[in-house]
Number of protein chains: 2
Amino acid sequence: MADVARLAGVSKATASRALGNYGAVSETVRERVATAARELDYRPNELARSMNTGRSMSIGVVVGDIENGYFGLAMRGITDTARRAGYDVVLANTSESVEAEIDAVKVLLDKRVDGLIISPASAYETQHLHDARDTGRPIVLLDRRLPGLDVPSVEVDIAPAARAATTALIESGHRRIAFISALTTDGPEFTGLPLGVSSVTDRLEGMLQALGAAGLDVSADLIRFGAVSRETTRQIVRQLFELPDPPTAVLASDSVIALDVLLALRERGLTVPDEVSFVAFDDFSWAELIDPPLTIVSQPVHQVGVTAAEVLLLMLQGGRPATQRHTLVADLVNRGSTGRPRLSARAARPQDAG
Amino acid sequence: MADVARLAGVSKATASRALGNYGAVSETVRERVATAARELDYRPNELARSMNTGRSMSIGVVVGDIENGYFGLAMRGITDTARRAGYDVVLANTSESVEAEIDAVKVLLDKRVDGLIISPASAYETQHLHDARDTGRPIVLLDRRLPGLDVPSVEVDIAPAARAATTALIESGHRRIAFISALTTDGPEFTGLPLGVSSVTDRLEGMLQALGAAGLDVSADLIRFGAVSRETTRQIVRQLFELPDPPTAVLASDSVIALDVLLALRERGLTVPDEVSFVAFDDFSWAELIDPPLTIVSQPVHQVGVTAAEVLLLMLQGGRPATQRHTLVADLVNRGSTGRPRLSARAARPQDAG
DNA sequence: TTGTAAGCGTTATCAA
DNA sequence: TTGATAACGCTTACAA
């Protein structure tokens, strides 16, 4: 910059004003500086710039697993939206570990990101998020809300769709409906809502509402967590179908689980939807490709990312979002993986396992 | 920092040394400073730190489409590896647009990332990458190499697997084998190798080698580009199967195309593998779930990301990678989507289209 | 409209 | 082992 100023025959301050397009600069000087800059292949040091403007023009995004299609798609919405507004995105992956999240938030804050979009790993350990908010930098929660933390969240209103899906199953005659999630809980047993992740709570809540409305009991043994790998999911499916009174329908909490459950079902020789009805939350490309095409609760995932970025952008400009809870709608898409339960499916088939 | 120094009763320089763990500081002073820092909830300004160390401890990653599972998985490998070494990742998505890429590289460089991992959108327009390299900051190419640019690349050695896949098809009796890619080329017609993206070139080269070795002609009309959306892919499939001599086998260049081709095939009532054999490049979760399970050329995508990060990290530490071209191996996984061609498939079925 | 000088929060240099 | 002081490369008063 000093070189540019010298070549243009002006002071550093004037050159800075000319290149930064602020303050008052005469047209002739502006051009002279521009020419000098081009001549010298000048590139601004955004670090220095950020240091005294106090704005880094970067936002931090903290997600559980970028490898998961859900976050990939949301990420796409975030980056595109942020970029259009001149912001860059610093990505941190936590593997759904709170420790990693704590660390990521710290690092991002130290690097002076202007704001944060976070999909918090836990609703219980949130001190670091309170601290982050207390730095004054805006935070937006992605896909999950936090009861105790007063910051905007962008979510999908999934409970109604979960309820609709469950109700449809009940109306088809299902009485034993299982729910499988990757969420890790204290114990393997379901002990009640809310859970550590609101988006999972909402799914379950919708399901329980439907059950309740139909006067059906909630069987804690059909609500299973910790499906974090193909192997654990397989075990869960095994346990479920070795129950004296096995489920006739299964809800999978996301697309990764859906895949593993479907694989486990097939391994056990259980056909969908004849022996087991199947519904997956989340939107994923192959849902309509497989046989049978999957009944799913579709979510506007890309839009979730876009909206999260928009809300953050608004706050970055000093605005206050009209509401703290931004919800997008989910849709139940009925396809071929759900149908009437058949008696044959109610017989446990433990011997079929591979 | 000044406050911390004051509270600890030392100079700014000493406090900085104590907190930054460098230089010589007595144990007592170190503790005094640490206590003061804790007391004041001191957090370093990494921007200021970066400004005079010249290292931002951030790397930039520029990919075509983070939404694509391939990049999502590679990204996971990159972030995890970088994080372990203390680096953050700034992500830029280009939508495979060279202009966006040029812009992204500029911004990242201005923000002083210490290095770059790029999956270049084009092998033709690379001036910005030469410029980037000339800044002295290390660059590693991901998934694609650039003939004219002397920087390390991390790729999958996919030509042999592509050749093996094609050879297997030929040995099964196939003579008309189509290749469909999303790559956008100058014209719709295939005019020869290399193409603008080396990973696509390699796939095709493997296929052409197999054809050549079997003494088979290369039909330019079976090599199709520009399958950028479900609709264009559908059109390509239509054109292919309305040919007087339609293909009996199709190779899909990646998982997104695979999905769209499969959908288009189904729409036309073409069954796999009875009427059309199908092979997809890329690794994706649902390949073994669908019916028939897909024959694929599997790639260690996560490892590609890890290796790219490792090579960059090495260069960041001043090292020189042993080789400029890092290749990982691909495997042909034979499953159910390939088989012998049947005569019936050779009859064009133009009327089946939706 | 322009220039001077101070400041952003660190680390690097050099002397003590 | 420590401290004073000068960078780092910009922006921002304030004055001219």
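Residue numbering restarts at 1 for every chain, and letters A, B, ... go by the order of the sequence lines.
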Atom CZ of B:R30 and atom C1' of D:dT1 are separated, to the nearest Å, by 11 Å

So, with a heavy-atom separation below 4.0 Å from DNA chain C, the residues of residues 2-11 of chain A are A:V10, A:S11

Between A:R6 and A:D3, is there a salt bridge with N-O shorter than 4.0 Å? yes

A:L47 atom CG is separated from C:dT10 atom P, nearest whole Å, by 13 Å

Between CE of B:M57 and C1' of C:dT10 the distance, given in whole Å, is 16 Å

Side-chain H-bond candidate by donor/acceptor type, B:Q303 with B:T307, under 3.5 Å:
yes

Using a strict cut-off of less than 4.0 Å between a Lys/Arg side-chain nitrogen and an Asp/Glu carboxylate oxygen, indicate whether A:R137 and A:D114 qualify as a salt bridge. no

Review point. Can you find a side chain N or O atom of B:T14 that sits less than 4.0 Å from OP1 or OP2 on D:dG3?
Key: yes

Please test A:E96 against A:R144 for salt bridge (Lys or Arg N to Asp or Glu O under 4.0 Å), starting from the C-alpha separation and ending with a verdict. CA-CA 13 Å; A:E96 299 290 1; A:R144 307 167 183 182; 3.0 Å; yes

To the nearest angstrom, the OH-C1' distance between B:Y22 and C:dA12 comes to 7 Å

Rounding to 0.5 Å, atoms NZ (A:K106) and CG (A:D131) come to a distance of 9.5 Å

So side-chain hydrogen bond (donor to acceptor under 3.5 Å, both in side chains) across residues 33-43 of chain A, not counting sequence neighbours, yields A:R43-B:D110

Could you go over nucleotides 7-9 of chain D and give all protein N or O partners under 3.5 Å, atom names and distances?
residue, atom, partner, partner atom, Å
D:dC8, O2, B:N52, ND2, 2.9
D:dG9, N2, A:N52, ND2, 3.2

So salt bridge (Lys or Arg N to Asp or Glu O under 4.0 Å) across residues 65-81 of chain A, not counting sequence neighbours, yields A:D65-B:R76, A:E67-B:R76, A:R76-A:D80, A:R76-B:D65, A:R76-B:E67

Applying side-chain hydrogen bond (donor to acceptor under 3.5 Å, both in side chains) to B:T53 and not counting sequence neighbours gives none

Within residues 33-41 of chain B, the residues having a heavy atom closer than 4.0 Å to DNA chain D are none

In this structure, OG of B:S153 is separated from CG of B:D143 (nearest 0.5 Å) by 10.0 Å

Taking the basic N atoms (NZ, or NE/NH1/NH2) and the acidic carboxylate oxygens, is any pair closer than 4.0 Å for B:D103 and A:R83? yes

* Asked: Counting only side-chain N and O atoms of A:S26, is one of them less than 4.0 Å from OP1 or OP2 of C:dT2?
  -> yes

Rounded to whole Å, CZ of A:R17 lies from P of C:dA5 at a distance of 14 Å

- Message: Please determine whether salt bridge (Lys or Arg N to Asp or Glu O under 4.0 Å) holds for the pair B:R145 and B:E155, giving the CA-CA distance in whole Å, both sets of side-chain angles, and the decisive distance to 0.1 Å.
- Response: CA-CA 8 Å; B:R145 65 186 175 282; B:E155 313 162 57; 2.6 Å; yes

